[in-house]
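Since the structure comes first, as structure tokens, the remarks are kept for the end.
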Amino acid sequence: MAKTNINPSDLDFDGIKNKLKDYLQSKDEFADYDFEGSALSNVLDVLAYNTHINALTANMAINESFLETAQLRGSIVTHSHSLGYYPTSMTSSNATLNLVADLSGFVGDRPSTITLPSGFAFNTTVENVGYTFQTQQTYTATDDGSGSYVFVDGDGSSEIKAYEGAYKTKTFLVPSVSDLRHYIINDVSIDTETLIVRVYENANTDEYVVYTNIVDAVRITDESTFYVIRETPNGNFELQFTDGGNVGTAPAPGSKVEAIYISTNGPAPNGANAFVAADLLTVDGQNFSVSVTTQAAAGGGGDKEPISSIKFHAPIAYASQRRMVTAQDYHIQITSNYSFIEDVISWGGEDNIPIDYGKIYISIKYPENTSDDTKTETQDSIVQNLIEPLGTVSITAKFIEPIYTYMGITTSFDFNPSLSGITVQATGDRITSKVSEYFNNNLGQFEEEFRRSNLLTEIDEISPAVLSTKIDVTLNQRLTPILNFVKTYNIIFPVELAIPDDINSIITSTPFTFKDTTCTIRNKSLSNNLEIIDGNGDVVSDSIGTYEPTTGEVNLVDFSPQSIVGGGSFIKFLAIPAKQSSIKPLRNYLFVLDDDLNVSTGTVDYQKTRVSI
Amino acid sequence: MTTTQRRFSIEDGDLNVRTIYSSRDTSYSDLDLSFEENSIGDVYKKLDAAAVKQAVKNIVLCNYGEKPFQPFFGTDIRNMLFELFDFGTSEDIKRRIRLAINRYEPRARIREIFVSAEDEVNSLSVEIIFEVINTSEVVTLVTSISRLR
């Protein structure tokens, strides 16, 4: 029997075509299947291509059917919805401003109080692109007696929030029950956090009921007024309501639904710090300028949640069931509600050092240039909107800053110039670039682990002329001491350190001035005691502290440097980890590359060595 | 060992009415791309030199990117219809044809290629004289390419 073993799921075009050729080989009817110009080859092309496309389509359809393997955003978002997870939309950047109106030139009697309307706009520029920010509520100001009015909110605070983007309104008329109800908002840039949904009983009334997002629901009754806002497969958004049964009320046929939201540019305006009022303020028919002082630069703008994040978070969110009980719950709730945050780690007080029962520790990595005000507001918002309604009563949240541990990478490589057109120096430069690239791609977030073998593999692939590679890893923490002040310091490395030996110093430091001498710190040979030495290696202070290899702690006792050599603000303390091949940070520590300590050294080896005795 | 068969090509004319005056052993057999129906209801075949001639024609008339997963298969000369026909064009076409046939049609050895432009009708005439390698039969393929509009 002729060979007809064609696997319908085989994806490779050439493989399919070769199997068809195998089949024809067993027949004597046609012999030209091997010649690419033949008609038979063209027919085989059509058959193989058809099988290829069918297999590819089947493969892709199966892949898109599961959250783990789906590649298209529309598929991933839809899968996440079935798990009750709603990926975050773009978020609007916001800035904190102080606003003052000068009405000293007012003709007539100045009013005692004036109002700044909601939607008052400000212009700013980031990288030569203009953006518009605007207020979201009304603010009032009172005359200080000289015609100067400082605007404040209802609590008397002069910190005025302005949000980037344009307000848009979408209006729907609710059709009859028999019609399909789809409320599509054709805008991919919506910030769903700003969405306000009003339902009017009919198109002619001004009275409305405000519906709230179901993700904020703690309890749902038959009288609840909730909406669901979800991303559609094409990137727009769809507003949904309940069926009007026992899971909440729904807008009745004939009523009007109004969706008001900000359409934003996401993270692009972040960092904007110079604002000017776009409009004049009109008071009793007279126009006055509003002067703007930036209190906190714009921040908090974010893109839609990326698909990698949705894949990671949706199953965990399903498991956590919108509760905040385990440490992982805190991670998932914070990251899924604050898309501009780069990373979050949380752990229970029982896992902290020192142990602190009844606490949940949270460390947040913000994007660069995030202002302290934004950080504080974000933490307040997390407490108010997430932890208080969803958390366990007896647990107290404690926010702590991430701690950066710097890694020094010293690469030594053997290089055969005859196998490459570039020099050993240029190869060294490529290696240091590769190291930087590795750190950018693989480290810098919480719990991201350094694996030396992976880095070595990437370096070896740079050129066949790189014969062998060795990497030595050091860690360094930066201590900012109080100069000319005797103090005890505790420096913690988030890994186990090497035990002392008689060849290398496990702990070393960068130079500083001590007793009018340029000195450094190192551990003594075969000892975990630390000493201060001068440039000649002579001991200046015999005992300045100790280090503990198992816990990674370095204690400096009564340390009083006079100045830091080089004029920096910190002294680097370098340590050799116990295990260099795989280094994983603990808790709120993150690994980043110390660019000053990313060094590569090549040794030329023509591989012509002859062993002679 | 090659099986000896006797086959006839549609190019020999209407076999139902024409006297068959020649036949020979075949080793190349291909489908006739015209897909004409023969007397027994099957498609005609192309045999030997006719098969090679059809393959050469296919290669010459194939544009780059037409054959799946072989982006540089063919000569791409149909795409040249919209180029200016200057002093180097005919040599370029010859070079392309020679290159493609050498690469994709091992049964043909090119002897001569003639390219002429027929300006009045916006077409290009190509004549390829080649030898079928295992028979030493010399075949002439003449084809023209013209714009549809």
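Every chain is numbered from 1, with letters handed out A, B, ... down the list of sequences. If you're wondering where the values come from, they're calculated on a predicted model, not measured in any experiment.
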(Q) Determine whether the aromatic ring centres of residues Phe66(A) and His79(A) are separated by less than 6.0 angstrom. (A) no
(Q) Would you say that Ser34(B) contacts Tyr44(B) through its side chain, given a criterion of any heavy-atom pair below 4.5 Å between the two side chains? (A) no
**Q.** Under 4.5 Å from a heavy atom of chain B, the part of Tyr49(A) involved
**A.** side chain
**Q.** Worked check of salt bridge (charged side-chain N to carboxylate O under 4.0 Å, His left out) between Lys434(A) and Glu461(A)
**A.** CA-CA 10 Å; Lys434(A) 179 59 77 177; Glu461(A) 286 171 356; over 6 Å; no
Q.
Is it the case that the side chains of Asp14(A) and Asn18(A) hold a donor-acceptor pair, with the cut-off being a distance below 3.5 Å and no angle test?
A. no
Q: Flag the one option from Leu33(B), Val52(B), Val60(B) with the top tally of heavy-atom pairs under 4.5 Å to chain A.
A: Leu33(B)
Q. Hey, which residues of residues 67-77 of chain A are touching chain B, say heavy atoms under 4.5 Å apart?
A. none
**Q.** ring-ring contact (aromatic ring centres under 6.0 Å, His included) pairs, two or more places apart, involving residues 90-127 of chain B
**A.** Phe73(B)-Tyr104(B)
Q) Will you find, in the side chains of Asn236(A) and Glu231(A), an N or O donor that is under 3.5 Å from an N or O acceptor? A) no
Q: Heavy-atom distances under 4.5 Å only: say whether Val43(A) touches chain B with side chain, backbone, both or neither.
A: side chain
Q. Is there any residue in residues 91-101 of chain B with a non-hydrogen atom under 4.5 Å from a non-hydrogen atom of chain A, and which ones are they?
A. none
Q) Is Thr427(A) close to Val466(A) at the side-chain level, that is, under 4.5 Å between some pair of heavy atoms? A) yes
Q) Counting only N and O atoms by type, is there a donor-acceptor contact under 3.5 Å from the side chain of Ser38(A) to the main-chain atoms of Ala55(B)? A) no
Q: Flag the pair Leu84(B) / Thr89(B) as yes when at least one side-chain heavy-atom distance between them is below 4.5 Å, and no otherwise.
A: no
Q. Cut-off 3.5 Å, side chains only: do Lys17(A) and Ser41(A) have a donor facing an acceptor?
A. yes
Q) Any chance the side chains of Thr232(A) and Glu238(A) put a donor and an acceptor closer than 3.5 Å? A) no
Q) So do Phe413(A) and Val424(A) actually touch side chain to side chain, heavy atoms under 4.5 Å? A) yes
Q | Donor + acceptor pair across side chains of Glu305(A), Tyr85(A) (<3.5 Å) | A | yes
**Q.** Steps toward salt bridge (charged side-chain N to carboxylate O under 4.0 Å, His left out) verdict (Arg111(B), Glu131(B))
**A.** CA-CA 7 Å; Arg111(B) 286 191 168 182; Glu131(B) 182 183 321; 3.1 Å; yes
Q. Is there any residue in residues 65-72 of chain B with a non-hydrogen atom under 4.5 Å from a non-hydrogen atom of chain A, and which ones are they?
A. Lys67(B), Pro68(B), Phe69(B), Gln70(B)
